[in-house]
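One structure below.
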2 protein chains.
Amino acid sequence: MPEDRTNKVSCSNYRCEIEVALEIISGKWNALILWTLGTEGTKRFSELKRSLSGVTQKMLTQQLRTLEKHGIVTRTIYPEVPPVVEYSLTEMGKRLIPIFKDLDIWGKEFIEYRKTL
Amino acid sequence: MPEDRTNKVSCSNYRCEIEVALEIISGKWNALILWTLGTEGTKRFSELKRSLSGVTQKMLTQQLRTLEKHGIVTRTIYPEVPPVVEYSLTEMGKRLIPIFKDLDIWGKEFIEYRKTL
DNA sequence: CAGCATCCTCCTTGATACTG
DNA sequence: CAGTATCAAGGAGGATGCTG
């Protein structure tokens, strides 16, 4: 986040903003949340939780809140009983997906590469 | 890293490897180290330290060791007095640079975007 | 269903001092 | 110059229990 960026980031004088992006997508589940929403579209909380096997309720909520605050995901509440809450990517969030695809490809190559070491 | 990946990663059954990539580039200085080596080429330890203002010796050493272990950077020692140690990217490391460029662009867009919220 | 509150643990980072 | 070693602190993340 730009405001407390000076505490965490060292890329001097805004010459590069990699760290800004990484601050958004790091965190144990953020990338996976974004990837899931990006490839599978809008999802409710419980669906998301099921997709991300192993995530705790607390962490999912927490990371979704942060992403929402940053304007990367939207949270839509349907005032029903039982409550329904849906999450989806904003435009800014969708623009991360192609980058994730590249990271995914790199990751696969890396795994192969490591076998050759 | 693939071996202890099960502890940290949740992308089930290797369907996506984003997390593998993120594990490499996360860590407070890793991305910046790679970016610097990628854009400015081979550097010695002290040059790198100067480029990454704010990094402690310990952290720089530590993160370089990890990157080296992963085969992302190479470490070349010239047995002189005083010692000279140079770091540079491997082929696998260089392939991250285009992705970093995209993250950089996204970061800049994000900063503009946040002003409109 | 979708959360919040609490407590607790471990890992990352920081500070500092010492060395071939 | 380029490290290693040690100690300490803070925060991210996990476990569990309670609600509208």
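In what follows, chains are A, B, ... by sequence order, proteins preceding strands, each numbered from 1. Predicted model only: the values in this text are computed from it and were never measured.
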Checklist line | Closest nucleotide among dA15(D), dA2(D), dG3(C) to the Gln57(B) side chain | finding: dA2(D)

Note to self: In this structure, how many angstroms lie between the C1' atom of dG3(D) and the CD atom of Glu86(B), rounded?
What the structure shows: 16 Å

Check: In terms of the angle between their ring planes, are His70(B) and Phe110(A) parallel, tilted or perpendicular, with boundaries placed at 30° and 60°?
Finding: perpendicular

Margin query: So, OP1 or OP2 of dC1(C): does either fall under 4.0 Å of a side-chain N or O from Ser46(A)?
Written below: no

Notebook entry, point to check: Lys49(A) side chain N/O closer than 4.0 Å to the phosphate oxygens (OP1, OP2) of dC1(C)?
Noted result: no

Note to self: Assess whether a salt bridge exists between Glu109(A) and Arg95(B), defined as any Lys/Arg side-chain N lying under 4.0 Å from an Asp/Glu carboxylate O.
What the structure shows: yes

Next item on the list: Just compare dC1(D), dC4(C), dA2(C) and give me whichever is closest to any side-chain atom of Val85(A).
Entry: dA2(C)

Check: Among side-chain atoms of Thr74(B) and Ser88(B), is any donor-acceptor pair under 3.5 angstrom?
Finding: yes

Note to self: Closest approach to the side chain of Pro82(A), judged atom by atom: which nucleotide of dT13(C), dC1(C), dG14(D) is it?
What the structure shows: dC1(C)

Check: Taking the nucleotide of DNA chain D with the closest heavy atom to each, which residue, Tyr87(B) or Ser26(A), is nearer the 5' end?
Finding: Tyr87(B)

Check: Can we say Lys94(B) and Glu91(B) salt-bridge, meaning some charged N sits less than 4.0 Å from an Asp/Glu carboxylate O?
Finding: yes

Margin query: Need one value for Gln63(B): base, sugar-phosphate or nothing, where a base atom within 4.0 Å counts as base even if backbone is also close, heavy atoms only.
Written below: sugar-phosphate

Note to self: Rounded to whole Å, please give me the gap between CG in Leu60(B) and P in dT4(D).
What the structure shows: 11 Å

Check: Closest to the Thr61(B) side chain: dG3(D), dG14(C), dG3(C)?
Finding: dG3(D)

Margin query: Please confirm whether the shortest side-chain N or O distance from Arg44(B) to OP1 or OP2 of dC1(D) is below 4.0 Å.
Written below: no

Note to self: At 4.0 Å (heavy atoms only), tell me whether Tyr78(A) reaches a base, stays on the sugar-phosphate, or touches nothing.
What the structure shows: nothing

Notebook entry, point to check: Can you check the Ile33(A) CD1 to dG13(D) P distance for me, whole Å?
Noted result: 11 Å

Check: From dG3(C), dG3(D), dG14(C), pick the nucleotide closest to the side chain of Phe45(B)?
Finding: dG3(D)

Next item on the list: Figure out the CZ/C1' separation between Arg65(A) and dG3(C), and round it to whole Å.
Entry: 7 Å

Item checked: Basic-acidic side-chain contact under 4.0 Å: Arg50(A), Glu47(A) -> no

Check: So what does Lys58(A) touch, heavy atoms closer than 4.0 Å: a base, only the sugar-phosphate, or nothing?
Finding: base

Notebook entry, point to check: Looking at dG20(C), dC1(C), dG14(D), which one has an atom nearest to any side-chain atom of Pro83(B)?
Noted result: dG20(C)

Check: Closer to the 5' end of DNA chain C via nearest nucleotide, is it Gln62(B) or Arg50(A)?
Finding: Arg50(A)

Next item on the list: Using atom CG of Leu64(B) as one end and atom C1' of dT4(D) as the other, report the distance to the nearest whole Å.
Entry: 15 Å

Check: Rounding to a whole Å, what distance do you find between Met59(A):CE and dG3(C):P?
Finding: 15 Å

